[in-house]
Amino acid sequence: MTTETPNSGPAACSCCTESAVIYLREQGRHLCGNHFREDLETRVSRSVRENAMIRDGDQIAVALSGGKDSTALLLLLDSVVKEYRDVNLIAITVDEGIAGYRDDTINSAISLASNLGIEHHIISFAEMFGGSLDTFLTGKEDRACTICGILRKKALATAAQHVGANKLATGHNLNDEAQSVLMNTLRGDLPRLIRDSGKETGLFIPRIKPLQDISEKEIAVYLVVRNKWSDLPECPYTRYALRAEVRTMLSKLEYQYPGTMQRLIRSRKTLSRCLKISDVQGPVQRCKTCGDPCSGDLCQVCKLLPSLGR
Ligand code: SF4
Ligand code: ZN
């Protein structure tokens with residue numbers, strides 16, 4: 001993988017004589033594999049520190065689907081945590097039960113965790129909710145990602161609690177964060193738009209997103225450089241997702257108007273500073289069925305399960 005200049009073939013790295021593998025537009029630099037790896041690892045480490053995502057002694061559950069983002073997340077966290085004292089990583093994989101898709105990514109997760117020597121747990125929808133996502137979705141395919149997202153969030157939080165973690169790290173990248181801002185705006189979901197899942201409220205396990213400033217493209221190149229790139233199948237339900245359309249639209253906008261994604265994320269931060277979550281959502285209560293914190297009588301999972309026949 002190399003970057004091209006208009007007339008003279010592959011561009012050289014701005015730091016050495018090697019061929020560049022990526023052009024970082026914001027920095028105006030071409031970088032070779034080694035210099036890109038160094039640059040990206042430094043940026044992630046700085047973002048983790050500046051946003052106080054990790055403290056000495058943390059037990060961090062890492063959501064490891066086995067896909068690109070979570071693979072990069074575990075690789076990067078494995079080196080970042082060495083800068084802190086007594087921090088432990090525990091990888092958690094959720095098996096939603098999606099035929100033709102999950103097996104490959106689960107195998108990839110198992111082999112990565114074992115290569116890095118990181119404790120790894122797999123939790124399935126079947127164990128937690130009594131059925132696979134495939135069975136829950138019969139006739140409801142158009143709501144696949146909403147249903148999957150609600151159940152996966154609960155599965156991850158439960159597993160994280162079970163292994164004694166005090167934080168949950170997820171592989172959300174810059175593109176995902178910008179897509180979420182736009183999707184929540186399109187849905188008119190102001191509470192979700194301004195909610196800060198990293199806040200330590202004592203109610204939910206705080207989530208950290210160490211890749212929040214790293215683009216999808218940078219993650220892909222990082223995996224190639226680290227020799228961890230593999231062509232895994234895509235979830236068959238992706239085509240029903242609003243996110244898929246938003247993703248394509250945002251990529252085009254980012255290409256035409258560089259900085260679009262960063263500006264969207266900034267607008268969310270500004271809104272969150274101006275509004276408190278309690279201004280746009282009722283007070284936090286306990287779910288009458290399971291006791292989880294929520295904004296009404298029932299949490300999202302307990303509202304959802306009866307409609308899935310559970
Ligand atoms: Fe779940 Fe949707 Fe992701 Fe598939 S694409 S794993 S259904 S959230
Ligand atoms: Zn509940």
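Atoms within a ligand are numbered from 1 in the order they appear, just like the ligands themselves.
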I need the SG(Cys287)-the Zn ion (ligand 2)-SG(Cys302) angle, rounded to 10 degrees. 100°

If you stand at the Zn ion (ligand 2) and look out to SG of Cys299 and SG of Cys290, what angle do those two lines make, to 10°? 110°

Does the structure place the NZ or CZ of Arg49 under 6.0 Å from the centre of the six-membered ring of Tyr84, at an angle of no more than 45° from the ring's axis? yes

Taking backbone and side chain together, does Cys294 place any N/O/S atom at a distance below 2.8 Å from the Zn ion (ligand 2)? no

So, [X] and [Y]: side-chain donor and acceptor under 3.5 Å apart, yes or no?
| X | Y | answer |
| --- | --- | --- |
| Asp189 | Asn184 | no |
| Ser65 | Arg102 | no |
| Glu83 | Ser45 | yes |

Of all protein heavy atoms, the one nearest atom 1 (Fe) of ligand 1 is Cys148 SG, 2.4 Å

Taking atom 2 (Fe) of ligand 1 as the reference point, the nearest protein heavy atom with its distance: Cys145 SG, 2.3 Å

Parallel, tilted or perpendicular: which fits the ring planes of Tyr222 and Phe36, with parallel below 30° and perpendicular above 60°? perpendicular

Where ligand 1 meets Tyr237 - atom numbers and elements under 4.0 angstrom, heavy-atom basis: 7 (S)

Considering the heavy atoms of Arg152, write down every atom of ligand 1 situated less than 4.0 Å from one of them. 1 (Fe), 3 (Fe), 8 (S)

Does any N, O or S atom in Cys235 come within less than 2.8 Å of atom 2 (Fe) of ligand 1? no

Do Leu298 and Thr289 touch side chain to side chain, with heavy atoms closer than 4.5 Å? yes

